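To start, the structure itself, in structure tokens.
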Amino acid sequence: MKIQTFDQYQEAYRQSVEDPENFWAEIAQEFQWRKPWKRVLQWNFDEPSIKWFEGGKLNITENCLDRHLKDRADQPAIIWEPNDPSEPTVTLTYQMLYDQVCRFANVLKRNGAKKGDRICIYMPMVPELAVAVLACARIGAIHSVVFGGFSARSIADRINDAECSIVVTSDGAVRGNKVIPMKDTVDDALIACPSVKRVIVLTQTRSAVSMIKGRDVWWETEMKQVTSECPAEEMDAEDMLFILYTSGSTGKPKGVVHTCGGYMVFTAYTFQNVFQYELGDVHFCTADIGWITGHSYIVYGPLANGATTLLFEGVPTWPDAGRFWDIVDKHKVNILYTAPTAIRSLMSFGTEPVEGKDLSSLKVLGSVGEPINEEAWHWYDDNIGKNRCPIVDTWWQTETGGILISPIAGITKTKPTYATLPLPGVQPILVDENGVEIEGNGVSGNLCMKFPWPGILRTTYGDHERCRQTYFSTYKGLYFTGDGCLRDEDGYYRITGRVDDVLNVSGHRIGTAEVENAINMHTGVVESAVVGYPHDIKGQGIYAYVITESDTAHEEDLIRRDILATVSRIIGPIAKPDKIQFVRGLPKTRSGKIMRRILRKIAEGDTKNLGDTSTLLDPNVVEDIKQGVLIEAKA
Ligand code: WTA
């Protein structure tokens, strides 16, 4: 299934469009199935109903673990680099990972878990996080990993939405020189989570934690009570594998659902091809397993290929801004997959942290999560890849399960800031606001997909209608990505960013409505409007316009801090606004809709070209807001 030349790519692409069922069946045959599927694909985008390999029986962990034991039991599956570089690396071979996963699967069973149960995982970037994820999959429980930066309230919302019965966490986490109290946060969350019967706590920092009798148990003690034999649960290809919450333009985050068969085939196929993985290569994806990138390209994609995947606990700038390069040097990393925001942040330290580091093992560089600007692209290419490593700018989403548009390393000619061409099986289409296809090259529009690929989301947990509305109703018969995109004269795709009210802050998706709801919860706040603005490091920063009940001019700084504390408490520190401007009114249309276009312009610092403001309910508020910006700029 590995593409080795550009001709082969074109041929695979042609086949995948002309005969998608046979194309994907051939790829799926390379995996281990207990029973063959009855139909390769059944779909319609109207309901939506999408089924790949239905009737096929498998367990994804048999494909990620058991089947590698014959040939590479002793090969490293996971290399773990701890936060503190003076502490020892941990290497788990395939045999060791297999044993641990089976043991922890038995621990889950011992604590009442069974097929179909939902299990919330809130953990630091340690090997046990991957073990917990795979152990759920082993017994057919559905994992819902919550990123370690979310607040108690966000955890509680996610646990309740999925009615999780077990939470797996750790006492604390270390990131840089900070210690983060994870169990405390879970305890706060659980005050409002009646479905949770058991909490399994890993010892990581050995900080003091409260362990509630009858509810909380230690990971280590439990692991001693079980054997390392745990037969894998037989799953249908269309049984749920996991839920992962992600922000949209309205309401609370949605639980995106992926299923076992299609997700496995798609992540494995894209991993092997995009990165051109060769056996023995060390793959370092710097994402957190709490995000889709970690699910697909730290855990499932690499392990399904028998690869060696590197898991890093810390942050790129601690103890200094050379940490990534030290890791590449120390572990002879061959593939480095990171985010533009990390590149821009490291770029700001200059090239000194790179000097003296041996980066000659690198073969392929990757970028994901947000559009990469030209300057960052070249810095990455010049200083890290030394102009000899292809850069794969991979475009995809939580909902797509795996990479959809990307160069194939060393095979597709790259162009800075372009995700280039669709992978086989991926059929992009650009449409205008009315859903009319924009054909030809040298055009731009809203990016949609007109045919399913095996990794596409199947539903949003507990609310299928929301899935239909969000992704399949804007344009009939199409999956709408929410991204704007241009297709240049060569037919290359360049993603220009979200066209909905979703922000991308340091590669994290945050809904403006979510941040507004959090701000509005603060006492004294009447209304708020949140927009994004260009930020040198984060890509987008969060700009909040806030109306308070009374004149607050004398204590603005204090209220600003209170609002930040509120947002941290409700969502998590990642959603804290970078700028808060107090205003007396918001620009609204006569029907009461906030004109975000105007607010965006002002936040970008462009107070001159605001377009037509005559349709506003009260055009004066715009003047007020502009004045406010000017005053702030002077302050
Ligand atoms: C953005 C992350 C430009 C895009 C895998 C998308 C990108 C959202 C790229 C999904 C890229 C991701 N170039 N933009 N290479 N990759 N995006 O769900 O706006 O966290 O819709 O998935 O990130 O973010 P998510």
Side-chain angles (χ1 to χ4, degrees), residues 145-147 149-150 242-249 253-258 263 266-267 270-271 274-275 285-298 300-301 337-344 365-374 376-377 380 391-407 412 414-423 426 428 444 446-449 455-457 460 470-471 474 479-486 492-512 532 538-540 574-575:
V145 183
V146 176
F147 172 61
F150 279 116
F242 67 85
I243 307 172
L244 187 58
Y245 286 83
T246 190
S247 295
S249 48
K254 310 172 278 288
V256 168
V257 170
H258 286 288
Y263 177 81
F266 195 66
T267 52
T270 51
F271 174 77
V274 169
F275 301 105
C285 167
T286 70
D288 192 289
I289 294 179
W291 307 110
I292 190 70
T293 306
H295 281 60
S296 301
Y297 299 109
I298 296 179
Y300 289 113
Y337 190 29
T338 193
T341 188
I343 299 168
R344 287 191 300 265
L365 301 179
S367 170
V368 60
E370 46 173 327
I372 180 165
N373 49 309
E374 196 145 359
W377 197 99
Y380 200 27
I391 297 180
V392 290
D393 177 358
T394 65
W395 175 84
W396 58 296
Q397 311 178 293
T398 304
E399 296 85 345
T400 71
I403 301 166
L404 295 196
I405 305 182
S406 169
T412 313
T414 60
K415 192 189 279 192
T417 76
Y418 281 79
T420 73
L421 298 171
L423 296 181
V426 176
S444 59
N446 292 338
L447 178 62
C448 295
M449 298 292 152
I456 189 174
L457 88 163
T460 48
T470 312
Y471 306 106
T474 317
Y479 165 81
F480 177 40
T481 65
D483 279 322
C485 179
L486 67 81
Y492 269 29
Y493 290 83
R494 176 189 186 169
I495 312 303
T496 48
R498 304 288 304 194
V499 294
D500 53 8
D501 290 322
V502 173
L503 306 180
N504 192 324
V505 181
S506 302
H508 303 327
R509 260 166 83 169
I510 299 171
T512 53
K538 298 179 174 184
Q540 269 189 313
I574 53 173

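Positions are given from 1 along the sequence. Bear in mind the structure is a predicted one, so any value in this text is a computation, not a measurement. All ligand and atom numbering here is 1-based and tracks the order in the structure. Values below: every heavy atom of this structure, side chains too, minus hydrogens, waters and symmetry copies.
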Legend entry - Val145 side chain near Phe242 side chain, heavy-atom distance below 4.5 Å: no
Inset, instruction - Could you label the plane-to-plane angle of the Phe150 and Phe147 rings as parallel, tilted or perpendicular, counting under 30° as parallel and over 60° as perpendicular? - result: perpendicular
Inset, instruction - Using the six-membered ring wherever Trp is involved, compare the ring planes of Tyr297 and Tyr337 and label them parallel, tilted or perpendicular (cut-offs 30° and 60°). - result: perpendicular
Inset, instruction - Measure from the side-chain N and O atoms of His508 to the backbone N and O of Asn504, and report whether any donor-acceptor pair falls under 3.5 Å. - result: no
Please give the N or O to N or O pairs under 3.5 Å between ligand 1 and the protein, distances rounded to 0.1 Å.
unit_1: ligand 1; atom_1: 13 (N); unit_2: Glu370; atom_2: O; d: 3.4
unit_1: ligand 1; atom_1: 14 (N); unit_2: Pro371; atom_2: N; d: 3.4
unit_1: ligand 1; atom_1: 15 (N); unit_2: Asp393; atom_2: OD1; d: 2.7
unit_1: ligand 1; atom_1: 15 (N); unit_2: Thr394; atom_2: O; d: 2.7
unit_1: ligand 1; atom_1: 16 (N); unit_2: Gly369; atom_2: N; d: 3.1
unit_1: ligand 1; atom_1: 17 (N); unit_2: Gly369; atom_2: O; d: 3.4
unit_1: ligand 1; atom_1: 18 (O); unit_2: Thr398; atom_2: N; d: 2.8
unit_1: ligand 1; atom_1: 18 (O); unit_2: Thr398; atom_2: OG1; d: 2.6
unit_1: ligand 1; atom_1: 18 (O); unit_2: Arg509; atom_2: NH1; d: 2.7
unit_1: ligand 1; atom_1: 19 (O); unit_2: Asp483; atom_2: OD1; d: 2.7
unit_1: ligand 1; atom_1: 19 (O); unit_2: Asp483; atom_2: OD2; d: 3.2
unit_1: ligand 1; atom_1: 21 (O); unit_2: Gln397; atom_2: NE2; d: 2.9
unit_1: ligand 1; atom_1: 21 (O); unit_2: Asp483; atom_2: OD1; d: 3.4
unit_1: ligand 1; atom_1: 21 (O); unit_2: Asp483; atom_2: OD2; d: 2.6
unit_1: ligand 1; atom_1: 21 (O); unit_2: Arg498; atom_2: NH1; d: 2.8
unit_1: ligand 1; atom_1: 22 (O); unit_2: Thr398; atom_2: N; d: 3.4
unit_1: ligand 1; atom_1: 23 (O); unit_2: Gly369; atom_2: O; d: 3.1
unit_1: ligand 1; atom_1: 23 (O); unit_2: Asn504; atom_2: ND2; d: 3.3

Inset, instruction - Name all residues meeting the side-chain contact (heavy atoms from CB on, under 4.5 Å) criterion together with Ala575; count only those two or more places apart in sequence or in a different chain, and write none if there are none. - result: Ile510, Val515, Val567, Ile571
Inset, instruction - Report yes or no: does Tyr471 contribute a side-chain atom to a donor-acceptor pair with the main-chain N or O of Gly482 at less than 3.5 Å? - result: no
